[in-house]
There are 2 protein chains.
Amino acid sequence: MSQLPHATNVSELSGLKVACKDCSLFQLCLPVGLGGPDLALLDRVIKRRHVLKRGEYLFRPGDPFVFVYAVRSGSIKTYTPIRDGADQVTGFHLPGELLGLDAINTETHQCGAVALETSSVCELPLNRLEELGSVITNVQRQMLRIMSKQILHDQALQVLLCKRSAEERLAALLLSLSNRYKRRGFSATEFDLSMSRQDIASYFGLAEETVSRLFSRFQEQGLIEVTRKHVRLRDLPRLASMVGAPERLD
Amino acid sequence: MSQLPHATNVSELSGLKVACKDCSLFQLCLPVGLGGPDLALLDRVIKRRHVLKRGEYLFRPGDPFVFVYAVRSGSIKTYTPIRDGADQVTGFHLPGELLGLDAINTETHQCGAVALETSSVCELPLNRLEELGSVITNVQRQMLRIMSKQILHDQALQVLLCKRSAEERLAALLLSLSNRYKRRGFSATEFDLSMSRQDIASYFGLAEETVSRLFSRFQEQGLIEVTRKHVRLRDLPRLASMVGAPERLD
DNA sequence: GCGCCCGGTTGATTTAAATCAACAATTCCG
DNA sequence: CGGAATTGTTGATTTAAATCAACCGGGCGC
């Protein structure tokens with residue numbers, strides 16, 4: 001189906017229990033920077049490898065908040081229902097990224113999360129962390145950093161939506177995916193989009209047709225090669241020059 | 001200059017040292033829900049009453065992160081510089097609201113913060129919290145909640161920017177200010193805007209002229225009465241009906 | 001007290017992107 | 001395997017909001 005590479009193929013095959021310290025996502029995920037003892041305790045409460053098929057829901061709006069989730073493989077989109085029955089896509093999440101942070105305050109998910117392809121997640125019971133002793137401070141400090149990063153990301157998106165054209169928004173997305181794949185050890189210039197044109201349009205407040213036209217235009221201009229979901233970025237520097245630093249979505 | 005009411009007038013006059021437990025913003029600010037011992041420790045590290053005149057900067061983009069700030073009186077806007085030299089306004093902050101959360105991760109402010117009128121803030125040295133013992137867990141838990149709330153707020157703004165017209169965006173702002181003033185004990189229907197039309201336009205990705213026209217139109221329609229910065233909301237229910245639940249900015 | 005400047009308003013015109021419409025290519029599914 | 005449904009593409013037209021332009025009025029300095 002999707003040809004998205006899976007960072008965790010090897011560890012997934014080797015067994016269900018892969019400790020955080022042995023996970024290929026260690027550097028990108030919650031435990032980054034945590035020491036051995038903290039990791040061991042963290043491993044005790046994290047539930048691993050909840051698997052989702054394409055289209056399956058991790059949680060839905062209104063669900064009670066139980067876990068923060070870390071994407072382990074695949075990709076997951078989050079969305080908010082808006083009036084008129086439509087959905088607004090609020091984010092695309094790759095391995096190592098955390099989901100459900102917006103539900104900590106109200107203890108209820110306002111967003112939903114759907115797998116864009118076969119994916120797996122780890123479940124972090126934020127409330128149970130308090131049972132553990134020393135680990136909590138370090139993990140919470142790490143949580144603060146991750147949420148701070150999310151807030152910065154949301155601000156970049158705000159600038160993009162307020163000040164930038166449809167063209168620049170799409171460039172920003174392609175660049176963001178490129179950087180994120182690269183950091184995960186995959187090609188920065190060739191990958192499959194796991195989201196539909198409609199998802200991209202929704203995420204950026206554009207019409208599906210506009211996104212489609214932009215993909216065509218980028219191709220005409222020699223910026224990219226695109227066939228359906230497969231994308232090859234042919235001119236990364238020019239793509240990057242279209243997107244200012246404060247609008248980087250990485 | 002601005003006729004914005006000041007929640008903290010009384011306590012400000014009574015002296016420089018007002019403990020969190022005696023602050024009128026207690027219920028709206030960081031310490032909400034914290035117990036006496038935690039509060040006492042918190043009071044030891046919080047610096048109070050840094051005063052800013054209109055137009056003064058609390059921090060600028062690039063400044064090293066030292067404090068998280070809580071607005072104590074007045075109002076403060078945050079902004080990001082974007083290419084072409086312009087600024088994008090990223091938020092308006094009223095008493096009890098926290099500033100600088102986006103800098104926790106990088107330890108550098110990406111945004112700047114300017115007083116929209118004479119304002120004062122408390123300074124919370126996030127890093128020094130670790131010197132304190134038991135307080136840290138509870139305060140950090142509270143920080144997680146506040147940041148979660150911010151992320152939810154950012155998502156509401158995303159929906160507004162992606163899916164709603166200029167008209168609905170302005171309605172959302174007026175409604176948000178109304179609710180926030182109300183919670184602080186002020187009139188929900190009559191207040192002064194501390195931000196300029198340009199600030200509002202920037203915040204929502206609109207032109208100054210559009211915002212101006214909308215104020216006029218709202219007045220024609222009997223929704224509001226507006227003279228320069230003074231606003232009276234004449235039909236709160238109709239205003240509210242223009243803004244869906246997932247777009248509430250409160 | 002007068003005029004200047006800035007913030008705000010109002011009008012005319014342009015434009016980027018939405019909408020409407022038709023169609024092509026894939027994937028889904030019996 | 002074949003037809004329906006979904007997803008994506010391309011073209012014509014409309015539209016909300018930007019831009020360009022002129023002007024107003026209050027507050028401030030001189």
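Because the structure is predicted, anything quoted here is derived from the model rather than measured.
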With a non-hydrogen cut-off below 4.0 angstrom, is S212(A) in contact with a base, only sugar-phosphate, or nothing? base
Going from CG on L101(B) to SG on C111(B), what distance comes out if it is rounded to the nearest 0.5 angstrom? 10.5 Å
Decide side chain to side chain contact (heavy atoms under 4.5 Å, CB included) for H153(A) and D250(A); before the verdict, give the C-alpha distance in whole Å, the side-chain angles of both, and the deciding distance to 0.1 Å. CA-CA 7 Å; H153(A) 172 277; D250(A) 308 358; over 6 Å; no
Checking salt bridge (Lys or Arg N to Asp or Glu O under 4.0 Å) between E97(B) and each of K149(B), K77(B), R184(B), which is the one that passes? R184(B)
What nucleotide among dA17(D), dA17(C), dG8(C) has an atom nearest to a side-chain atom of S165(A)? dA17(C)
Closest approach to the side chain of S216(A), judged atom by atom: which nucleotide of dT9(C), dT10(D), dA17(D) is it? dT10(D)
Option passing side chain to side chain donor-acceptor pair (under 3.5 Å) with S165(A) (candidates E168(A), K163(A), E167(A)): E168(A)
Please evaluate residues T80(A) and T90(A) with respect to the criterion side chain to side chain donor-acceptor pair (under 3.5 Å), reporting the C-alpha separation (whole Å), side-chain torsions for both, the decisive distance (0.1 Å), and the verdict. CA-CA 7 Å; T80(A) 320; T90(A) 54; 4.5 Å; no
Can you tell me how far C1' of dA17(D) sits from CG of L161(A), to the nearest Å? 16 Å
For the ring pair F59(A) and F65(A), is the centre-to-centre distance below 6.0 Å? no
Taking the six-membered ring for Trp, is the centroid-to-centroid distance between F92(A) and Y203(A) below 6.0 Å? yes
Taking the nucleotide of DNA chain C with the nearest heavy atom to each, does R213(B) or M195(B) sit closer to the 5' end? M195(B)
How long is the line joining CZ of R164(A) and P of dA18(D), in whole Å? 15 Å
Between the two ends of the helix from dG1(C)-dC30(D) to dG30(C)-dC1(D), what is the bend in degrees, rounded to 10 degrees, where each end axis spans five pairs? 40°
d(NZ, K229(A); P, dT26(C)) in whole Å: 13 Å
Nearest-neighbour nucleotide for the R228(A) side chain, dT7(D), dG8(C), dT9(D) considered: dT7(D)
To the nearest angstrom, how far is R54(B) atom CZ from dG27(D) atom P? 13 Å
Classify the nucleic acid contact of A207(A) as base, sugar-phosphate or nothing, counting any heavy atom under 4.0 Å across all strands shown. base
Between CD1 of I200(B) and C1' of dA18(D) the distance, given in whole Å, is 18 Å
I need the CD-P distance between E168(B) and dA16(D), as an integer number of Å. 12 Å
Does E209(B) make a side-chain donor-acceptor contact with the base of dC20(D), cut-off 3.5 Å? yes
In whole angstroms, the gap separating P of dT9(D) from CG of L193(A) amounts to 10 Å
Write down the distance between CZ (R197(B)) and C1' (dT10(C)), rounded to a whole number of angstrom. 14 Å
